[in-house]
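Counting starts at 1 for both ligands and their atoms, following the listed order.
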Amino acid sequence: MIVQINLDRLMSRIMELGKIGALEKGGVKRLALTDEDRMGRDLVCRWMAEAGLTVTTDLIGNTWGIREGREDDAPVIMGSHIDSVATGGLYDGVLGVLAGLEVIESLNDAGIPTKRPVGMAFFTNEEGARFAPDMMGSGVAQKALDLDEMLAVTGIDGTTVREELNRIGYAGTAPVMALRPHCFLELHVEQGPVLENENVAIGAVTGVQGISWTEYVVEGRSSHAGTTPMTMRRDAGVVAARIAAEARAIADDFGAPQVATVGMFELSPGLVNVVPERAMLTVDLRNTDDALLLDAETRLNAFAETVAAAEDCTLRRRSLARFAPVEFDQDLVAAVEEQASALGHTVRRMPSGAGHDAQMFAPNCPTAMIFVPSRDGLSHNIHEFTAPEQIGAGVDVLMQVVLNEAGTSR
Ligand code: GLV
Ligand code: MN
Ligand code: MN
């Protein structure tokens with residue numbers, strides 16, 4: 001059975017949600033648990049209600065809507081996130097949430113009942129850009145992260161998850177593990193260049209690489225830039241810069257798929273003629289092989305200790321996120337591949353470089369992801385773009401996998 005989706009409806013919703021937190025030059029800033037996030041949630045919840053879904057919110061603000069099935073069984077869930085980084089695009093996360101809604105509305109329009117219930121969800125703070133770690137809501141929902149620990153996390157602006165969740169009115173009552181899917185599916189933009197470079201329409205995602213985020217705080221002593229001999233400095237900035245350079249050197253030495261990113265780097269007092277007394281930087285290390293990721297972490301941490309000691313500085317290290325690599329369900333990955341081919345699309349298997357809510361479900365239920373191409377491989381960038389017909393192909397594949405998993409009654 002082929003069910004037509006309404007691509008115009010989906011695209012107009014993606015654009016409408018993209019107006020909330022819109023940036024002047026394009027893209028969005030909808031950091032988790034901000035007023036913009038609340039407005040985005042309100043809009044999606046309105047659409048969920050209009051689609052006739054039963055909407056539930058859990059203790060960390062994850063929200064899902066269920067379309068009943070003929071049988072009262074575990075639902076097929078499609079989901080992702082609607083929060084963004086501070087310079088985000090219109091598609092990252094939003095696509096998986098609104099495509100899930102589109103699949104359900106298309107089933108409604110065609111009057112097609114399913115055996116299993118079918119649902120769609122958005123998860124709190126997937127990005128981790130305001131409150132670390134990433135995949136926070138889905139991690140709590142699936143017991144990979146502790147609820148109370150996560151509610152107590154302080155963000156980059158000094159507020160806590162608990163305060164902000166309450167403030168925006170999305171602290172629900174459904175407990176951890178309330179969402180127990182029969183299977184979990186996430187359609188997402190690739191956020192990298194592989195599909196576009198190879199002119200392939202669909203990525204059947206085999207898993208997600210391991211992620212390690214660490215914050216380093218270096219403390220030295222501020223002193224006069226002109227009068228302090230180089231031998232007498234306790235320069236926190238130089239230590240931080242050397243740690244940053246070592247992160248890059250590790251990625252260069254290890255080679256692909258090891259990647260390393262210094263995304264935050266702050267010096268204080270941050271003045272032209274003062275030796276910095278304090279530095280803070282974050283390092284994001286990722287690898288598909290957990291043993292190699294551990295080697296990279298060990299090398300960087302040892303280097304950081306040595307370089308701080310050599311400059312007579314103190315070093316504090318804090319893990320902000322640590323997730324092992326995840327493999328998706330073989331049968332469900334094969335189903336994505338088969339449905340894509342059956343619909344006439346080119347398809348290839350590939351790992352995900354980005355973290356995703358799906359990885360939190362993978363240990364608990366069959367899970368898979370569908371990728372569609374990203375123009376110039378760009379994401380976490382306001383120019384992120386995927387063409388409507390490319391999106392349509394992904395949603396069609398999603399629909400077919402959902403129909404097979406949920407079972408139709410005619
Ligand atoms: C989160 O989505 C990440 O991959 O950083
Ligand atoms: Mn995402
Ligand atoms: Mn993202």
For atom CD of Glu50, is the number of surrounding heavy atoms from other residues, nucleotides or ligands below 6.0 Å larger than 12? yes

Is the number of heavy atoms from other residues, nucleotides or ligands under 6.0 Å of Asn197 CG greater than 12? yes

Over 60° means perpendicular and under 30° means parallel, so classify the ring planes of Phe123 and Phe361, tilted if in between. tilted

What protein N/O/S atoms sit under 2.8 Å from the Mn ion (ligand 2), by chain and number? His81 NE2, Asp92 OD1, His188 NE2

Candidate list Thr346, Leu343, Leu195, Ile370, test side-chain contact (heavy atoms from CB on, under 4.5 Å), partner Ile202, passing option: Ile370

Counterpart residues, side chain to side chain donor-acceptor pair (under 3.5 Å), relative to Asn108 (two or more places apart): Arg67

Checking Glu102 now: which residues fulfil side chain to side chain donor-acceptor pair (under 3.5 Å) with it, not counting sequence neighbours? Arg9, Ser106

Distance under 4.0 Å, heavy atoms only, partner ligand 1: which residues pass? Glu126, Glu127, Asp134, Trp213, Arg286, Ala354, Gly355

Under a 4.5 Å cut-off applied to non-hydrogen side-chain atoms, are Glu405 and Arg116 in contact? no

Heavy-atom side-chain contact between Leu31 and Glu36 under 4.5 Å: no

Look only at the side chain of Ser374 and the backbone of Gln191, and say whether a donor-acceptor pair between them is shorter than 3.5 Å. yes

